[in-house]
Structures are given as C-alpha cells and as structure tokens.
Amino acid sequence: MRLSQLPWTTLKETPADAEVISHQLLLRAGLIRRLTGGIFTWMPLGLRVLRRVEQIVREEMDRAGALEVLMPAVQPAELWQETGRWDRYGDLLLRIRDRHERDYCFGPTHEEIITDLARRELRSYRQLPVNYYQIQTKFRDEIRPRFGLMRAREFVMKDAYSFHIDQGSLEQTYAAMANAYTQIFTRLGLKFRTVEADSGEIGGARSQEFHVLAESGEDAIAWCDGDDFAANVEAAPALPPRAPRPAPAEPMRRVTTPGIRSIEEVCAALAVPPGRCLKTLLVDAADGGLVALALRGDHELNLVKAARLPQVAQPVTLASAERILAATGAPPGFAGPVGLRIPLVADHAAAALADFTCGANEDGYHLSGVNWGRDAPEPATADLRNVVAGDESPHGGGPLAIARGIEVGHIFQLGDKYSQAMKATVLDEDGKERTLIMGCYGIGVSRIVAAAIEQNHDEHGIIWPEPMSPFHVTLLVLNPKNSEPVTAAAEALYLELHRAGLEVLLDDRDARPGVKFAEADLLGVPHRLVLGERGLKDGVVEYRHRASGAEQKVALHETATFLRERIHSRPS
RNA sequence: CGGGGUGUAGCUCAGCUUGGUAGAGCGCUUGCUUCGGGAGCAAGAGGUCGCAGGUUCGAAUCCUGUCACCCCGACCA
C-alpha cells in the first residue's frame, strides 16, 4: 500500500477524551475514529489489524472443528422472552421497534438465536456434537462506555456455541476450545494467562477466562508459581488462616471516635493497623432484613462470594443509611458485632482475629480489645473476601501473586440452561427426547486490538506484535522528490518485497523525513526500512526493529531474504 | 441512575469573573527557502461560540431550559 494514495491523518496531540493509552494511540495513529459514545469507525489501516486478528481466530476455530455461520444482528423479542432474558437483561439490551410496532433488540450475544437454530436444525444425536461460531458485531448499551475499544458499546466478537448429547461430549469440546484459545493468543503474540472464572450471569458449570496481561487491566487475576493455580480474583478461594486464633489478651474498651467512619480514619485515630480492625458491612438479606458481613479491615468483600450466601439478597446490595441506623442504632461507619441484633457472617480471616477494633453500634464510638466468644458470639464463617498477594494458593504450591489482566476470551460449560428454556432437544439412540447440552465460547476481537496496544507500546507509539501488525514492513523513502534514483530504487524494492509475499507500507509521500519517522513509530509496524540518498550510494537500505530499536544496513538485493528470515507471520 | 465537569476552527485550548465587531498553537491551502527524527518565513481558507428561549441598545460572556460529551461513584461503613 502506498501512503501517497491514502488520506491518513495522525494527531500530534492527544485527544482530550481518551484516557487509556490504547485509545489515545488508536486515535492518534488514525486507526479508528469515534462516531459517538462507545461507537467507532475502523479506518483503513486499523481495519487491517482487526482483519488479521479475525483471520487467526477463524483459522484456529476451523482447525478445532467449529463451523462458521453468520447470525442476524437484529433479533426478535420473542426469543428473548422465551428465556426470560428480555426482562432480566436490563438496560444493557438495546431495544428496537419496527414499523409494525414489533420489538427487537440489537444482539448483545446470541444464545437465544443459536438455540433456536439448533432446535430447528438438530434432530438426532447422530448430528452431534456440533460447534457453530461467528465473527460479528455486537451491541451492549454499557452504563458507561469508556477506554475506547476496551469497553465500547458496539464491538466485534467471535462467539461460538456447541451442542452435545451429554456432559462428557461437552467436556471434550470445551477442552478443545480451551486449547484453540491458547493457540489463538499464542499466535497473536500476546502475553496472556488462562484463569478459572466465575460463570456469572450466563450461568453454567465450569468457565475459564483468557486475560491479556497489562497494568491497565480492569480485572485482577491471582496465580501461583509453585502450582497450576490461576483464577480471576472474583473466583479465587481464600483459605482459612492456618494458625489458631490467639487467646484474648486485652480487655474490651470503648473509645470515642467522633465523626470517624472509614477503616483508614479509625486506624489513624487509634494507631492500629487495618489488619487488627474488623469491618462490618451491612447488606440486604434474603428475608427482607439485614445481614452483617464481617471482614478484616485490610480485606475487601468479594461480591461473587457474598452472593453465594443463602442469607443474602440478590443482587448483593449495601444497606441504606436509614436501615443501618434502624438495625444497629448508629449511622454507617459504627457497626460492629458486639450486641448486634442481626445475623452476622464473618470471613475466615476476620473470625481468626483477637483483640480487634470495631464499631460500637453507637454514634461516635468504637470498641478495642474485642474478642469473639467473649464479647460477641462466635460467628458463622465463610469465605467472603478477595484474595490478596501473599495468600496461600488453594493448590498448596505457595504464595499467590496478583496481576492485572484484560479479559479477551471466556469459555463456559452452559449445560441445559438455554436448551431447556427453549426446548431444544434431539432423539437419542433409544429414540427418546434428550435436552441438548451446550457450551459457549467468546473472544473479544476488537478488544484484543486495544489489549495488544496496552501491552505493547512505548513513548513513541504502538509496537504491534508481528502477527497483528497492519503490515509486515514499512518502507520509508526519504525525499523522493529530490532524487530520481532513490525513487526508482524504492519502487523496485517495493515490488520485489511484494513479490516475496510481504505486505509493505510504502511511505512515498512528499513529506519531511522527521514526519515519516515519527509517524512510522506511531503506527508501530515492527520492521522498518529506510531508503535515502545516503544509503543508496552504498547500495543499502537501513533496517530498524521497532521493538528493540536495533538497526543495521542491508544490501538492497538481500533485503527480501533478510526480512523473510525475520518475519515469521507471513500469510500462508 | 446519583454527583461533578466541559461544550469556542479538523485537533489541543485561551477569551466568559467585569456584556461592546471571535483568538493562539498544531493541522489544512499557496509560494519561497529547507530537507536523516513531527522545519522556517510569508500569504490564505476555515467558527450559526452545542441547541432553543430569555434579559439587554448590544450576549461566546448573564439567566432558564435542553442536548451531547467527559470524569467520579455501584465496598463509605
């Protein structure tokens, strides 16, 4: 591709509304343009990146035996009503009405559509297992679209749905998909981790997520070097402390803490570490009352774990200030287990505290030297907190480490949640109707583009992993207007590289060298060639590797060979 | 949805407090000079100041409404 024939504009300044680096660089490099909140146009160079990602995903899905289909983006409400999700999915669902006043939505996901397809097309166990996939535009009306392509409303997703006669078959396909995903992210050249996940809203038994590792990731993932444990912090179990609870050593004392509410303030005022404080959270209970959840002051509540408690109302909702006052006799910030008249569940670590500090259930007072069993009843215990770095791995291999990740893939064993609701059945070998067992497998294709940038950039711009770069190599021609021989040599080299099977971006614009260098760095093609009068005199081009900055001169006639040795992701 | 903020040239922003003929830098066009890491000089093009209403002799500026966008919050206890 010739840059002289492309209206490509880059931005020297960072657009004001772009927060994260991938959003900034995608805009600055002219790869995407925003149309409206969370909705973007892919520009010519950006689209090449998206297409490359799609292609790798497609190849690996095909290799794993999945069948590509393309389902409608617009879906009738009736199907969503069948599964009950028309009401449950909420405002995330973009609803549309046609001229006949019929309701539709723009698909945020396709379980309903595929299950409808399956119940029409699949009659016999002999047709199973089958795994359909598509690469398609989805729309989710996010509360707050942000971070550019990372949390867009309209986005490109690869979603796959498999159908099985039994759990064993599902597990086989699930394993094949896990394998294919590993292959995909490896081929894309990304640093990633596979982690156990909570299956959340979509439901089902087992699920794993694939995270691209990056500081700016929205998810925290925990893993252990000493064993095979890796999980989203949401889904990582925290082991109870090994050491038994120390015996009480201090008397309980009441201390005045006027206006002090947060754990930090309490710790500062009373000179105690957060790990010696008890934080008592009040949430709405399933029976309409309140439940207290006790955590150590330095720990955070894990909402997924809290939601698993039968006493807790769904979804987990923090109690209002009025209800807290009514239940504890004090405003928020002063709750504690001593004399508390509502049920309490303590996290294992909180239950192992002795001589701790907590709220006194009285405005302006806290208690110190508090002990379970002596001052407050022995609590019911559960795993309620997020794991933290240094916690013991559940698999016994040593301490956990925590990293940030961007979720780019998620695979689920769905079971019969949708097939049952939509009566998707086949006949088994005994001629009996059997409800289909399903799996589903998603990859955020457009999000991968953003995640790759989050993980691979420097102060000059993007550094594409080779397999997803818009071009294999960029060839900068310096001052083409001033030198016929340079232009001629560049044209010849461009053609030759092209013939060698390389995708080349030729910067043949009548622009200053500095502009070409700066824009090439911004765009981030991994291999760069510079052809100018200086080098041409000696019959060489100058090669530079974007990521390492390594440079060397290469004889013109050896350039194609030289590049082919260094580029491993040529299209087959 | 709650709270906060911002809408002025393609982009980044000043001007608004204290009303009086719309500005800068970058980008764009033309010319000359330059030409190996986002050039210099000169001349240009480009804006219903988000939109609607109001106050006023006069509104980018003050008031009301509205729309859009951005940020924070959904663990404060």
Side-chain angles (χ1 to χ4, degrees), chain A residues 7-20 23-24 27-30 33-39 90-91 143-148 257 259-266 274 277-283 290 292-295 297-306 315-321 323-325 327-328 330-337 340 347 357-361 363 366 384-386 459-461 476-483 486 507 509-523 528 530-536 541-542 544 549 551:
Chain A
W8 182 45
T9 47
T10 61
L11 304 174
K12 230 187 279 190
E13 287 166 296
T14 302
D17 56 0
E19 248 192 300
V20 295
H23 190 191
Q24 294 170 2
L27 289 170
R28 285 192 49 212
R33 291 290 179 239
R34 191 186 76 104
L35 178 62
T36 182
I39 300 180
D91 292 332
I143 300 175
R144 186 141 86 91
R146 55 182 140 178
F147 306 146
T257 50
I260 287 179
R261 311 197 147 194
S262 69
I263 290 288
E264 298 80 63
E265 289 168 339
V266 170
C277 293
L278 188 81
K279 131 165 114 177
T280 309
L281 304 169
L282 299 173
V283 299
L290 295 183
L293 303 177
L295 293 164
D298 56 338
H299 287 154
E300 287 182 343
L301 180 66
N302 179 309
L303 287 173
V304 173
K305 294 174 180 178
V316 180
T317 312
L318 288 174
S320 64
R323 300 194 71 192
I324 291 174
L325 184 62
T328 68
F334 296 99
L340 191 67
D347 177 67
T357 299
C358 63
N361 299 319
D363 193 0
H366 279 74
L384 291 177
R385 67 181 177 93
N386 283 335
E459 67 272 29
H460 301 294
L476 310 190
V477 192
L478 300 193
N479 304 311
K481 283 278 164 64
N482 296 355
S483 168
V486 169
D507 191 348
R509 296 175 298 175
D510 179 24
R512 298 171 59 81
V515 172
K516 298 190 177 194
F517 291 133
E519 292 189 338
D521 284 350
L522 181 59
L523 180 61
R528 187 188 81 183
V530 172
L531 186 55
E533 269 185 316
R534 276 188 206 168
L536 189 59
V541 289
E542 293 146 63
R544 184 182 168 102
E551 301 193 19

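Note that the structure is predicted; figures quoted are calculated from it, not measured. Quick note on labels: first sequence line is chain A, next is B, and so on, each numbered from 1.
Within the structure, every side-chain polar atom (N or O) of A/R534 is placed at least 4.0 Å from both OP1 and OP2 of B/G36.
At whole-Å resolution of the value, CZ in A/F147 and P in B/C71 are 7 Å apart.
The residue from A/R509, A/R28, A/R512 that alone fulfils the salt bridge (charged side-chain N to carboxylate O under 4.0 Å, His left out) condition with A/E519 is A/R509.
Under the Watson-Crick and G-U wobble criteria, each requiring two contacts below 3.5 Å, nucleotide B/U29 is paired to B/A43. Shown here, B/G73 forms a base pair with B/C1; the pair counts as Watson-Crick or G-U wobble because both key distances fall under 3.5 Å. Base pairing of B/U21: no nucleotide in any strand meets the Watson-Crick or G-U wobble criterion (both distances under 3.5 Å). Pairing for B/U6 is with B/A68, a Watson-Crick or G-U wobble pair whose two hydrogen-bonding atom distances lie under 3.5 Å. As the counterpart of B/G36, no nucleotide is assigned, since no Watson-Crick or G-U wobble pattern has both distances under 3.5 Å. Pairing for B/U55 is absent, judged as Watson-Crick or G-U wobble with the two contacts each under 3.5 Å.
Contact annotation for A/G535: base contact, defined as any heavy-atom pair under 4.0 Å involving a base atom. At a threshold of 4.0 angstrom between heavy atoms, the contacts of A/N482 include nucleobase atoms, whether or not backbone atoms are also involved.
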Give each protein N/O atom lying under 3.5 Å from an N/O atom of nucleotides 67-69 of chain B, with the pair distance.
from	atom 1	to	atom 2	distance (Å)
B/C69	OP1	A/T36	OG1	3.0

Can you pull every protein N or O that's under 3.5 Å from an N or O on nucleotides 26-33 of chain B?
from	atom 1	to	atom 2	distance (Å)
B/C26	O3'	A/K12	NZ	3.3

Report all interatomic pairs (protein N or O, nucleotide N or O of nucleotides 74-77 of chain B) with separations under 3.5 Å.
from	atom 1	to	atom 2	distance (Å)
B/C75	N3	A/L301	N	3.4
B/C75	N3	A/L301	O	3.4
B/C75	N4	A/L301	O	2.8
B/A77	O2'	A/G333	N	2.9
B/A77	O2'	A/G333	O	3.4

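Between the side chain of A/D347 and the backbone N or O of A/L384 there is at least one donor-acceptor pair closer than 3.5 Å. Checked by atom type and distance alone, the side chain of A/T36 never pairs as donor or acceptor with a backbone atom of A/I39 at under 3.5 Å.
A distance of about 15 Å separates the P atoms of B/U64 and B/U6, rounded to the whole Å. Spacing of P atoms, B/G58 relative to B/G20, comes out at 14 Å, to the nearest Å.
In the set B/C35, B/G36, B/G38, the nucleotide with an atom closest to the side chain of A/F517 is B/G36.
One side chain, A/T257 or A/H366, offers a donor N or O that lies under 3.5 Å from an acceptor on the other.
Evaluation of the salt bridge (Lys or Arg N to Asp or Glu O under 4.0 Å) rule for A/E264 yields no partner, not counting sequence neighbours. For the salt bridge (Lys or Arg N to Asp or Glu O under 4.0 Å) test, no residue two or more places apart in sequence or in another chain qualifies with A/R528. Partners of A/K516 by salt bridge (Lys or Arg N to Asp or Glu O under 4.0 Å), not counting sequence neighbours, listed by chain and number: A/D507.
With hydrogens and angles left out, the side chain of A/R28 and the base of B/G38 share a donor-acceptor pair within 3.5 Å.
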